[in-house]
Protein chains: 2
Amino acid sequence: CVGLAALIDLVHLMFYPPRCDDDDDDASCPIDEEVAKLLELKAQLGGDDGKHQFVLKTAKGTRDYNPKQMAIREKVFNTIIGCFKRHGAETIDTPVFELKETLTGKYGEDSKLIYDLKDQGGELLSLRYDLTVPFARYLAMNKITNIKRYHIAKVYRRDNPAMTRGRYREFYQCDFDIAGQYDAMIPDAECLKIVHEILSELDLGDFRIKVNDRRILDGMFAVCGVPDEKFRTICSTVDKLDKMAWEDVKKEMVNEKGLSEEAADQIGEYVSMQGGRDLAERLLQDPKMSQSKQACAGLSDIKLLFSYLELFQVTDKVVFDLSLARGLDYYTGIIYEAVLTQAGVAPVSNETQQGAPAEESVSVGSVAGGGRYDGLVGMFDPKGRKVPCVGVSIGIERIFSIMEQKAEASAEKVRTTEVQVMVASAQKNLLEERLKLVTELWNAGIKAEVMYKKNPKLLSQLQHCEESGIPLVAILGEQELKDGVVKLRVVATREEVRSIHSAHIMFVLSHTDTQICLDSNETLKVCM
Amino acid sequence: CVGLAALIDLVHLMFYPPRCDDDDDDASCPIDEEVAKLLELKAQLGGDDGKHQFVLKTAKGTRDYNPKQMAIREKVFNTIIGCFKRHGAETIDTPVFELKETLTGKYGEDSKLIYDLKDQGGELLSLRYDLTVPFARYLAMNKITNIKRYHIAKVYRRDNPAMTRGRYREFYQCDFDIAGQYDAMIPDAECLKIVHEILSELDLGDFRIKVNDRRILDGMFAVCGVPDEKFRTICSTVDKLDKMAWEDVKKEMVNEKGLSEEAADQIGEYVSMQGGRDLAERLLQDPKMSQSKQACAGLSDIKLLFSYLELFQVTDKVVFDLSLARGLDYYTGIIYEAVLTQAGVAPVSNETQQGAPAEESVSVGSVAGGGRYDGLVGMFDPKGRKVPCVGVSIGIERIFSIMEQKAEASAEKVRTTEVQVMVASAQKNLLEERLKLVTELWNAGIKAEVMYKKNPKLLSQLQHCEESGIPLVAILGEQELKDGVVKLRVVATREEVRSIHSAHIMFVLSHTDTQICLDSNETLKVCM
């Protein structure tokens, strides 16, 4: 009988709760699992009432969206989808799980974070880890060589969640990609235009879009004397420059990755460079950099890119930044990442110093990123046919967090319904009349509500309007019914209008043939 | 070495492919699995080129949605969500997987169809099987006693797929539910009003909404002499009446379920009854039925329901039908199901006779269903507190299938983008001007496209417009640039307008301060 020992452990745990750092790099925290197991055991040994022994929660790292969060989510999606559609994108959808082998070999070390389904007979399946690999599979499977598509859907990573910072195990990705053989840098520039439009429209504060090219990075590593086999690992160290000081990055290169101090210092000089088209031109003349054909190809493309970005009127926010590396292996050309530069609006992590300098704007995290990946689709094609692709992923979860914080800070209430008018009664026994009127409103396309009570109090009907932000209430009473009219009240101002002859706001009861309209200002008018 | 034997099996399979009936009731087809395993083995042994050894497909029973299908899906969702919002519903979202124990004991025999996740350490998880159980878990967890919400999301069942008939392993559910303690039958009636509105608006052809009540069914079984313990199993046999003749249903009751022939005949009499409020009144007087308190309670509620349905103006489609049973265990009161009654529009299964009588309309499958479930939330509440609920689920996958068929049959092309104007050039070397103009259009909120080529042919630009249904093309040429205007062509009629003084359709180039507007009729005008 293990019961007693386990219970003692449990009691111990209650008094000395273990701590598990949210930022642990392990796929899952062993102590959390122990607690889960013990709680399960406790449940098996019998809870308080023996009937409801389960834990009432969502799975680790996941969350429900309540109506308020959904209202914010809908608003953000509408802005983003509006932008994608303005640029002529189609949309597709793929299943939430793929054959396990479809995902195999695409994510390097991160593969351990993939959720597998249980083998219940039949195919071995895994939950999708991103939307890019399913997109590439879709293109290869359907032999599509040209498409501009967006895809907004949830993806799954058995990562260590840090939910206060918007890091979940189930989260949305919001991808826009252009596949096809086109003239250089035109689709790439459109992706940046899209990021610019979306971040401006969402009004998240100032932002910057960093741009670099994988070929420039590789060329830079080559001319700085990094051995070929260390390109990827040095690249992922450079990728940490947005979170770590150069001194620490250098230490990692030299001490952990075994790079010579000289090579590291040369890299250090390059990765401190930021600029625009001029920087690309300068580096093309750089005696060392210009020795690399790859780097020159990348630098010429950066030049071309900036000329298109000028036509697109977005150069105010775009910076050519040699320190931008981005983690994913599959990028082959241009890469980019957008960061918010205003502290305060974004979720502030514990590490952020309160006294951060105000002049030098502090980067508070990536909200979009992407790049060119010309080889991925070919990995799926039986004949290895390549389909060049460039795309961008909007960091929607971080944007949700910011919008939620803004909504919380603002005095304005977030409405979770769009109801325009509540049909209420002032006296008893008017359910039938209320239902008749609300039916007419629904049939006319008006968003309307009625309380599900035979005799609700007028006060509680009005309270419901105030709580859920319904702007108008149509009040039925004996006198109004006799006169064939309805009293309409503006909830906020308590203005009331009773007659159909009233000038601005009026309402016409069912017994006439008059149509009731509600215009976009929530103003009622009669349309004959 | 198993290679040779397996290869022989494989060759055998190629010449004598096994058949596996889609309608098999087993959770998965063993032969399919064998084939999958052999294909995998073949891949391991080395495919044609040794490099791409995987199968390029989606998981069994799932599908991608292409842009055309997505355009149809979006249209259907907009109609349905519009209706839900008109009725004042909020929306929530829950994770795609739940703790395994959350789903345990909710689905009876169907539990075997639940997808489990692999135990990778930590919690045991399963993919959601429907949206109702997560909804109940959400209410209990957040102690919510009142909500009117909709939830549209995918659910997962390891069922045997019949994809030609719209039966998938991953499919959408589209649920609207009202939770809360209210006066009888008002929310129930609103659910039926919503079904009526949605099916009318989607224009799927004629339909009928069958209504019954679990208490009437139970009362009926009791007065017909069905032993208590056989209520559920007899109920699920009655549920087959929409697919089987009464004779076969009776056989199953008597031969398989061991019911007396007399009891079966009595049930047979009742379940043939259909009507409206009058039928409920007649049955309340029925000497046998009226002996059951439960049945009387149900019949009174049906009467009340119909009085509200009259006020909601939906009685034309609603039928009180004693043969309606519905499978799920958790219903406690009113139940309903909507069926399309026009053959031909719906996916016709193989069994359907070609010469079906035209007068007696043939039911072609359920497109919505639901009912009252007052006990489910209490199963999750630690104190067993009940939250009465009534809801409806729209059978969106079947509706997609029908809409797809309609789109295919219709001459009208389904547009997959909403692009209003294509920016094209008639001469070479005008990329810069095209990008400038399209930027102005985007910045003005106009949906516009440009080809990603430096020097595209005018013909290929026009062809793209025709293929993707873009109504307008703005053509730039040397002369237009000199004059500061743009030539605008209506793609369908080939009408062209060149001057900004033109009456109806015109377009103003960048160098002026004039705003360009596109009204809802895709007509261009200048707004000063």
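Sequence lines set the chain letters: A, B, ... in the order given, protein chains first and strands last, and positions in each chain run from 1. All of these numbers come straight from a predicted model, not from anything done at the bench. Worth knowing before you read on, the calculation uses all heavy atoms, side chains too, and leaves out hydrogens, waters and symmetry mates.
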Between B:Glu449 and B:Val423, is a side chain to side chain contact (heavy atoms under 4.5 Å, CB included) present by the stated rule, with each step listed?
CA-CA 6 Å; B:Glu449 245 188 334; B:Val423 175; over 6 Å; no

Output, in order, the C-alpha distance, side-chain angles, deciding distance and verdict of side chain to side chain donor-acceptor pair (under 3.5 Å) for A:Thr416 and B:Glu90.
CA-CA 6 Å; A:Thr416 58; B:Glu90 308 177 291; 2.5 Å; yes

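Residues B:Ser307 and B:Leu304 share a closest heavy-atom pair of OG-O, 2.6 Å. For the pair B:Ala59 and A:Leu99, the tightest heavy-atom approach, listed with the atom from each and the gap, is CA-CD2, 4.0 Å.
Note: B:Ser126 OG to B:Leu103 CG = 5.0 Å, rounded to the nearest 0.5 Å. Atom CG of A:Asp381 and atom NZ of A:Lys143 lie 7.0 Å apart (nearest 0.5 Å).
For A:Arg63, the part lying near chain B is the backbone, with the side chain staying farther off; criterion is any non-hydrogen pair under 4.5 Å. Of the atoms belonging to A:Lys453, heavy atoms from both backbone and side chain fall under 4.5 Å from chain B. With a threshold of 4.5 angstrom between heavy atoms, A:Asp119 does not approach chain B through any atom at all. A:Phe84 does not touch chain B: none of its heavy atoms, backbone or side chain, sits under 4.5 Å away. The part of A:Gln181 that comes within reach of chain B is its backbone (N, CA, C, O), which places non-hydrogen atoms under 4.5 angstrom from that chain. Only the side chain of A:Lys148 comes within contact range of chain B, with at least one heavy atom under 4.5 Å from a heavy atom of that chain. Residue A:Glu170 touches chain B through its side chain alone, counting heavy-atom pairs closer than 4.5 Å. For A:Gln69, no part lies under 4.5 angstrom from a heavy atom of chain B. Contact annotation for B:Ile144: neither backbone nor side-chain heavy atoms come within less than 4.5 Å of a heavy atom of chain A. If you measure heavy-atom distances from A:Ile114 to chain B, the contacts under 4.5 Å come from the backbone alone. Interface residue A:Leu125: only side-chain heavy atoms are found under 4.5 Å from chain B. Within the 4.5 angstrom heavy-atom criterion, no atom of B:Glu310 approaches chain A. Contact annotation for A:Val438: only side-chain heavy atoms (C-beta onward) come within less than 4.5 Å of a heavy atom of chain B.
Of the listed residues A:His87, A:Glu190, A:Met451, the one with more heavy-atom pairs under 4.5 angstrom with chain B than any other is A:His87. Counting heavy-atom pairs closer than 4.5 Å to chain A, the top residue among B:Val314, B:Ile178, B:Asn142 is B:Ile178. Of the listed residues (A:Gly82, A:Pro67, A:Ala89), the one with the most heavy-atom contacts under 4.5 Å to chain B is A:Pro67. In terms of non-hydrogen atom pairs under 4.5 Å with chain A, the most contact-rich of B:Met185, B:Lys193, B:Arg149 is B:Lys193. Ranked by heavy-atom pairs under 4.5 Å with chain B, the list A:Arg137, A:Arg73, A:Glu98 is led by A:Arg137. When A:Val450, A:Ile470, A:Leu431 are compared by the number of non-hydrogen pairs under 4.5 Å with chain B, A:Leu431 comes out ahead. Comparing B:Ile92, B:Thr417, B:Ile186, B:Asp93 by how many heavy-atom pairs each has under 4.5 Å with chain A, the most go to B:Asp93.
Salt-bridge check for B:Glu418 with A:Arg86: failed, with every basic side-chain N at 4.0 Å or more from each acidic carboxylate O.
Using a 30° and 60° split on the angle between ring planes, A:Tyr156 and B:Phe97 fall in the tilted class, from 30° to 60°. Ring-plane geometry between A:Phe312 and B:Trp442 is classed as tilted, the angle between the planes lying from 30 to 60 degrees on a 0 to 90 degree scale.
No side-chain heavy atom of B:Thr439 sits under 4.5 Å from any side-chain heavy atom of B:Leu441. Counting heavy atoms from C-beta outward, A:Tyr452 and B:Asp183 have side chains that stay 4.5 Å or more apart. A heavy-atom distance below 4.5 Å is not found between the side chains of A:Thr94 and A:Phe135.
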